[in-house]
Visitor: 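Here it is, the structure in full.
None of these values were measured; they are calculated from a predicted model.
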Amino acid sequence: MAGVLDEYFFDPQVSLLDKTRMQAQVLVPVLRALRAELGKDKADAIVKQALRDWSKQLFAAIGDGIEGSPRRKWAAIQTVFGEISGREVEFEILRQDKEALELDVTRCRFAEFFRALGEPELGALLICEADFDIAAVGVGEVTLERTQTIMKGAPTCTFRYKFAPR
């Protein structure tokens with residue numbers, strides 16, 4: 001199952017946080033140049049749409065390459081992504097059973113990095129929103145509700161997954 005995200009996580013020796021830092025080295029100057037040229041609102045909207053489209057397509061394509069039900073596809077991606085991103089977050093599992101998975105992230109190094117850059121919105125697009133794209137792979141069988149994130153200034157990130165009956 002480790003090969004599920006190989007095309008995205010091309011070098012297992014480089015942490016997801018380091019890969020995110022590399023992305024930010026390119027994206028932040030581009031975003032700031034676009035803001036200077038187009039204004040903040042228009043530039044942010046363009047970048048938001050581009051990154052959302054990229055992430056949705058990425059995780060949909062990964063899901064297409066996994067055999068089985070939508071829930072199995074979600075579980076495969078979530079397991080690998082959780083192992084990779086889990087090194088950079090601290091969390092508490094509140095519930096884990098056949099109906100739901102509920103957890104709170106209590107520390108997020110991604111949020112710390114993007115806040116230090118002064119670009120938490122970009123961090124939310126690159127990191128936080130991907131959680132919904134992963135959940136979308138489980139269409140009809142997995143839903144995610146998250147009311148707050150550390151990236152956007154809350155004390156925790158609230159992950160509330162619900163599973164359809166089998």
Side-chain angles (χ1 to χ4, degrees), residues 1-12 14-28 30-31 43-89 91 93 96 99-105 108-115 117 119-154 156-164:
M1 196 57 64
V4 169
L5 300 177
D6 281 351
E7 288 190 27
Y8 179 62
F9 302 110
F10 53 88
D11 184 350
V14 179
S15 75
L16 182 57
L17 182 57
D18 286 338
K19 289 174 185 163
T20 301
R21 287 180 176 131
M22 289 177 218
Q23 290 173 323
Q25 286 178 338
V26 174
L27 288 171
V28 169
V30 169
L31 177 60
D44 287 358
I46 290 168
V47 170
K48 178 180 181 178
Q49 189 63 53
L51 291 176
R52 297 300 306 126
D53 289 348
W54 167 75
S55 182
K56 288 176 186 178
Q57 291 170 5
L58 172 71
F59 288 105
I62 292 168
D64 288 345
I66 301 170
E67 296 289 324
S69 69
R71 180 155 175 196
R72 184 184 182 296
K73 293 175 184 225
W74 169 82
I77 295 171
Q78 184 64 30
T79 297
V80 174
F81 200 71
E83 288 172 9
I84 294 166
S85 63
R87 299 174 202 149
E88 309 302 344
V89 298
F91 61 93
I93 295 177
Q96 185 173 15
E99 297 173 354
L101 170 61
E102 299 180 359
L103 61 98
D104 286 349
V105 171
C108 176
R109 288 175 186 86
F110 299 103
E112 293 165 5
F113 170 70
F114 280 101
R115 284 173 146 178
L117 276 181
E119 294 292 346
E121 299 88 5
L122 181 60
L125 288 171
L126 279 174
I127 302 300
C128 304
E129 295 301 319
D131 298 318
F132 291 98
D133 301 329
I134 294 169
V137 172
V139 66
E141 297 181 19
V142 178
T143 58
L144 170 60
E145 180 180 318
R146 187 173 54 219
T147 57
Q148 63 186 35
T149 64
I150 295 169
M151 192 79 73
K152 292 185 178 179
T156 63
C157 304
T158 55
F159 287 80
R160 304 297 183 260
Y161 292 98
K162 301 290 184 224
F163 307 125

Visitor: State, to 0.1 Å, how close Met151 and Ala124 come at their nearest heavy-atom pair, and which atoms those are.
Guide: CG-N, 3.6 Å
Visitor: Nearest 0.5 Å please: distance from the OG1 atom of Thr20 over to the CZ atom of Arg109.
Guide: 13.5 Å
Visitor: Is there a donor-acceptor pair closer than 3.5 Å between any side-chain N or O of Lys73 and the backbone N or O of Val137?
Guide: no
Visitor: Taking the side chain as every heavy atom from C-beta outward, state whether Phe159 and Leu101 have any atom pair closer than 4.5 Å.
Guide: no
Visitor: Report yes if the side chains of Arg72 and Ile66 come closer than 4.5 Å at any heavy-atom pair, otherwise no.
Guide: yes
Visitor: Begin with the C-alpha distance, continue with both residues' side-chain angles, and end with the deciding distance and a verdict on side-chain contact (heavy atoms from CB on, under 4.5 Å) for Asp133 and Leu58.
Guide: CA-CA 9 Å; Asp133 301 329; Leu58 172 71; over 6 Å; no
Visitor: Could you measure the distance from the CD1 atom of Ile77 to the CZ atom of Phe59? Nearest 0.5 Å is fine.
Guide: 7.0 Å
Visitor: Kindly say whether Cys128 contributes a backbone atom to a donor-acceptor pair with the side chain of Arg146 at under 3.5 angstrom?
Guide: yes
Visitor: So do the side chains of Val47 and Val30 get within less than 4.5 Å of each other, counting heavy atoms only?
Guide: no
Visitor: If we only count heavy atoms from C-beta on, is the Arg115 to Ile150 side-chain gap below 4.5 Å?
Guide: yes
Visitor: Give, for atom OH of Tyr161 and atom CZ of Arg71, the distance between the pair rounded to the nearest 0.5 Å.
Guide: 12.5 Å
Visitor: One pair to check against side-chain contact (heavy atoms from CB on, under 4.5 Å): Leu122 and Asp44. What are the steps and the verdict?
Guide: CA-CA 9 Å; Leu122 181 60; Asp44 287 358; over 6 Å; no
Visitor: Any sub-3.5 Å donor-acceptor pair from Ser55's side-chain atoms to Leu51's backbone N or O?
Guide: no
Visitor: For Glu141, enumerate each residue passing the side-chain hydrogen bond (donor to acceptor under 3.5 Å, both in side chains) test, keeping only those at least two apart in sequence or located in another chain.
Guide: none
Visitor: What is the distance from atom CD of Glu88 to atom CZ of Phe113, rounded to the nearest 0.5 Å?
Guide: 11.5 Å
Visitor: Could you state the interatomic distance from CD (Glu129) to NZ (Lys48), rounded to the nearest 0.5 Å?
Guide: 7.0 Å
Visitor: Glu145: what forms a salt bridge (Lys or Arg N to Asp or Glu O under 4.0 Å) with it, not counting sequence neighbours?
Guide: none
Visitor: Heavy atoms only: give me the nearest Gly140-Ala164 pair and the separation to one decimal.
Guide: O-CB, 3.5 Å
Visitor: Under 3.5 Å, is there a donor-acceptor pair between the side chain of Gln148 and the main chain of Thr158?
Guide: no
Visitor: Give me the ring orientation class for Phe163 and Trp74: parallel if the planes are under 30° apart, tilted from 30 to 60°, perpendicular past 60°.
Guide: tilted
Visitor: Out of Lys56, Gln57, Gln49, which one pairs with Asp53 under the side chain to side chain donor-acceptor pair (under 3.5 Å) rule?
Guide: Gln49
Visitor: Rounded to the nearest 0.5 Å, how far does CG of Leu17 lie from CD1 of Ile84?
Guide: 13.0 Å
Visitor: Could you walk me through whether Trp54 and Leu126 pass the side-chain contact (heavy atoms from CB on, under 4.5 Å) test, one step at a time?
Guide: CA-CA 10 Å; Trp54 167 75; Leu126 279 174; 4.3 Å; yes
Visitor: Does atom NZ of Lys152 have more than 12 heavy-atom neighbours from other groups under 6.0 Å away?
Guide: no
Visitor: Which atom names give the shortest non-hydrogen contact between Phe110 and Ser85, and what distance separates them?
Guide: CE1-O, 4.2 Å
Visitor: Taking 4.0 angstrom as the limit, do Asp104 and Arg160 come out as a salt bridge?
Guide: yes
